[in-house]
Amino acid sequence: GSIGITNRFTIQYSADGGATWTNVATGLPASSSSYNWDTTLVPSSLDASWRIVLEADTNVMDQVDNLFAVRNVPLNFYVNDSNTAADVYSGGFPGHATNTGRTASSPMLDLQSLLARYDLEGGDTVLLDTGVYTNKSNINIIWSRGGEPGVPLVIQGSSNAAAGGALIDRGDSGNGVGVRLLGSHITLSDLAIRNARTGVLIDSNKYSTVERSLIRDGGVGVSALYAQESVLRNLRIWNQSDSGVRLDQTATTRVENLTFVNPGPSALVATNTRVDRLQNSIFYMTHTNSRILSVDPNYVVNSLIDYNIYHFTTGAVNSAIYETYRELLPWQLQYGHDYRSNFTNPLLADVTGGDFHVMSKLGRFVDGAGWTTDVADSWAVDRGSTSSVYTLEPLPNGARINIGAYGNTEHASLGLSNTAYLVEARILNTPVTISETNATWPLIWSAINVPASENFRVQYSGDNGLTWYTVGENIPSYQEYFIWSASPFFNTYRGRWRVQGMSNTNYTDINDAEFTAFFGQFRISSQPQQVPTNGIVWRGAWAEYYQVQYTTNILSTNSMRWHNAINGGGLHQQANFLSTNGGDFTYFDPESVTNRARLYRVLQQQF
């Protein structure tokens with residue numbers, strides 16, 4: 001029959017597809033044709049429904065025809081293989097094709113099936129449990145499955161690295177892609193991917209992050225194509241046949257805290273990229289004729305490249321950082337990169353076995369076993385960018401991020417005590433000769449646990465540290481380098497340099513070895529005439545005793561008889577002196593006023 005205007009209605013909500021119902025509103029008059037429903041007051045659901053019920057006769061009702069989603073909070077989804085050993089998310093429940101994937105007790109069997117079934121959104125997390133996922137086709141995360149600004153969709157792999165984690169085995173290193181990111185604002189974390197032509201393909205999107213993952217035994221580790229604002233961090237890229245990372249038509253890509261071990265002939269390939277960042281990374285190269293950077297000039301000119309460790313094994317014959325730059329110094333001076341980087345063995349725990357934690361005397365984490373100590377410290381500890389966050393590293397951490405894949409993670413190798421400090425002069429620590437052909441030097445140091453407010457001065461000594469000459473000051477301590485242009489003024493046979501705090505001189509270190517700097521030759525170069533005296537000019541060095549001598553029997557066929565010249569009262573009338581700088585020294589002989597027929601020589605005595 002007809003419903004009177006005095007009848008009342010109840011609106012009900014179901015979060016489980018109609019199995020159970022709760023009241024949303026009651027006592028609604030029949031004359032009402034709408035109701036403003038605040039959906040934030042009901043539980044989130046992907047199987048939501050609502051209905052209206054006549055209060056006088058509950059058999060009179062109507063329900064919406066289709067289920068819909070109510071999203072008030074981010075949702076978790078679950079994927080597990082059929083093996084429950086070492087699981088961390090699914091509570092011992094194996095994955096199955098008929099499971100919903102919405103609860104830990106009902107995980108789906110593979111990631112692609114879950115992506116196809118649900119419209120995932122920003123803030124959602126897919127938990128991929130421990131196990132091996134053998135994929136015969138690419139895993140595609142399409143544009144409609146992405147996140148939103150500041151709220152990414154997260155694909156989170158297993159944290160049980162000792163058990164192998166969540167391993168995606170693509171099984172096609174010739175053509176297959178492990179995971180293809182087409183949507184924007186997506187984060188892949190803690191995955192292991194192997195046997196793929198491309199481990200992860202970031203394809204035509206923005207704000208994708210690939211982190212804390214192992215990509216191994218394929219062609220290319222990570223490839224970004226027409227992508228913007230991509231972040232690659234805390235990755236281990238191991239045994240690739242082509243390259244570690246490839247960037248093509250990308251902009252502002254951040255490659256931070258990666259460890260490349262045998263990444264193929266090229267560690268990083270970049271074409272038509274803009275304003276990238278490459279820092280805090282380890283490059284362990286093994287291929288003959290390999291290049292760490294196979295990039296176009298635009299990448300080299302416009303990118304920040306620093307705080308890295310480069311290492312070529314004995315098998316990496318004819319390898320280079322970039323083009324023909326096989327050493328840091330010419331690369332640094334030509335392009336202004338890598339002043340805070342180092343060419344050294346990073347001391348990875350077990351290269352052959354795939355353990356890429358760096359060694360530490362204070363403590364190194366071993367997956368599945370806990371902490372151990374080493375007999376040596378890797379240079380990677382506490383040497384990363386001072387602008388990088390380090391707070392996830394366990395104490396002591398030197399208040400500075402480690403270089404490599406475990407920097408700023410809970411498994412970072414332990415560093416300097418946070419109550420101690422280190423200042424280390426890093427260059428000219430072996431005997432070197434400086435001359436016209438290599439006059440420009442970056443004087444590089446490391447600073448750990450030094451107050452950021454402390455400024456440094458850089459000083460030079462031509463007498464093995466007895467006296468010091470300031471070549472630069474008011475330099476921020478964490479700038480960690482100063483470009484020194486040597487000249488004849490710095491000529492020395494006993495050179496040293498040091499860096500020192502300006503307000504606290506305890507922050508200091510001196511280089512380890514004497515060096516030689518000499519421009520020109522030690523010889524009399526000219527004989528200027530200054531009436532009424534004779535003059536000579538010779539090129540000399542710091543901290544040398546010089547004695548000018550003369551002879552008057554210049555036409556004698558017998559042995560010349562030499563006499564010490566005398567000191568006069570003028571500035572350039574010192575015939576015997578200890579030099580306090582290098583360069584050209586001039587002597588005008590006051591005795592030559594009455595006898596200009598003299599021949600001169602200069603004796604040098606090093607001490």
Side-chain angles (χ1 to χ4, degrees), residues 1-80 89-129 141-156 183 185-186:
S2 63
I3 297 175
I5 60 173
T6 60
N7 285 291
R8 294 290 186 264
F9 288 89
T10 294
I11 293 177
Q12 295 182 321
Y13 169 73
S14 174
D16 52 14
T20 60
W21 296 91
T22 59
N23 291 341
V24 172
T26 60
L28 298 176
S31 58
S32 300
S33 60
S34 65
Y35 175 76
N36 292 325
W37 177 26
D38 184 356
T39 59
T40 63
L41 301 177
V42 300
S44 297
S45 173
L46 296 178
D47 295 320
S49 184
W50 74 275
R51 70 182 181 183
I52 186 166
V53 181
L54 180 65
E55 293 179 356
D57 183 358
T58 56
N59 291 317
V60 179
M61 69 180 70
D62 190 32
Q63 180 178 336
V64 293
D65 296 334
N66 298 306
L67 300 178
F68 58 91
V70 173
R71 285 179 165 273
N72 296 323
V73 295
L75 301 178
N76 287 343
F77 298 85
Y78 298 84
V79 177
N80 196 11
Y89 303 130
S90 300
F93 292 93
H96 195 276
T98 61
N99 286 349
T100 66
R102 300 180 196 174
T103 64
S105 60
S106 186
M108 292 187 68
L109 191 58
D110 68 273
L111 177 59
Q112 187 61 62
S113 295
L114 186 139
L115 293 168
R117 180 180 297 185
Y118 298 112
D119 183 13
L120 306 183
E121 297 184 358
D124 290 345
T125 300
V126 179
L127 297 167
L128 196 65
D129 219 331
I141 306 179
I142 60 177
W143 65 269
S144 61
R145 299 295 189 265
E148 54 193 74
V151 188
L153 165 66
V154 177
I155 310 297
Q156 174 68 53
H185 302 284
I186 298 173

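Because the structure is predicted, anything quoted here is derived from the model rather than measured.
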Exercise for the section: Would you mind reporting whether W37 and I11 have side-chain heavy atoms less than 4.5 Å apart? Expected result: no

Handout entry: Check: N80 and N99 side chains under 4.5 Å, non-hydrogen atoms
Key = no

Handout entry: Minimum-distance pair of heavy atoms, taken over all atoms of V79 and S90
Key = O-OG, 4.4 Å

Practice task
For the residue pair D119 and R145, establish whether any side-chain heavy-atom pair is separated by less than 4.5 Å.
Solution key: yes

Handout entry: Pairwise distance CD1(I186) to CG(L120) - rounded to 0.5 angstrom
Key = 9.0 Å

Exercise for the section: Report the distance from atom CG of D16 to atom CG of L67, rounding to the nearest 0.5 Å. Expected result: 10.0 Å

Problem - Rounded distance (nearest 0.5 Å) linking atom CG of N76 with atom CG of D124 - result: 8.0 Å

Handout entry: Side-chain donor/acceptor of E55 to backbone N/O of G27, under 3.5 Å
Key = yes

Exercise for the section: Indicate yes or no: does D62 engage R51 in a salt bridge with an N to O separation below 4.0 Å. Expected result: no

Practice task
Look at atom CH2 of W143 and say whether more than 12 heavy atoms of other residues, nucleotides or ligands are closer to it than 6.0 Å.
Solution key: no

Problem - Pairwise side-chain contact, W21 with V53, heavy-atom cut-off 4.5 Å (strictly under) - result: no

Problem - Non-hydrogen side-chain atoms of S106 and F93 separated by less than 4.5 Å - result: no

Practice task
Nearest 0.5 Å please: distance from the CG atom of L109 over to the CG atom of L114.
Solution key: 11.5 Å

Completion exercise
Rounding to 0.5 Å, atoms CZ (F68) and OG1 (T39) come to a distance of 8.5 Å

Handout entry: Heavy-atom side-chain contact between D129 and P107 under 4.5 Å
Key = no

Exercise for the section: Run the numbers on L54 and F9 for side chain to side chain contact (heavy atoms under 4.5 Å, CB included), then give the verdict. Expected result: CA-CA 5 Å; L54 180 65; F9 288 89; 3.7 Å; yes

Handout entry: Any donor-acceptor pair under 3.5 Å from S45 side chain to V70 backbone
Key = no

Handout entry: Minimum side-chain heavy-atom gap F77-L46 below 4.5 Å
Key = yes

Handout entry: Distance (rounded to the nearest 0.5 Å) between L28 CG and S31 OG
Key = 9.5 Å

Exercise for the section: Return the minimal non-hydrogen interatomic distance between N72 and T40, and the atom names on each side. Expected result: OD1-CA, 3.3 Å

Exercise for the section: Look at the side chain of Y13 and the backbone N and O of P43, then say whether any donor-acceptor pair between them is shorter than 3.5 Å. Expected result: yes

Exercise for the section: Taking all heavy atoms of R117 and all of T100, pick out the closest pair and write down the distance. Expected result: NH1-CA, 3.6 Å

Exercise for the section: Decide yes or no on side-chain hydrogen bond (donor to acceptor under 3.5 Å, both in side chains) for S49 and Q63, but give the supporting numbers first. Expected result: CA-CA 7 Å; S49 184; Q63 180 178 336; 3.1 Å; yes

Exercise for the section: Could you check T26, N23, T20, T22 and say which one makes a side chain to side chain donor-acceptor pair (under 3.5 Å) with Q12? Expected result: N23

Exercise for the section: Taking the side chain as every heavy atom from C-beta outward, state whether Y118 and M108 have any atom pair closer than 4.5 Å. Expected result: yes

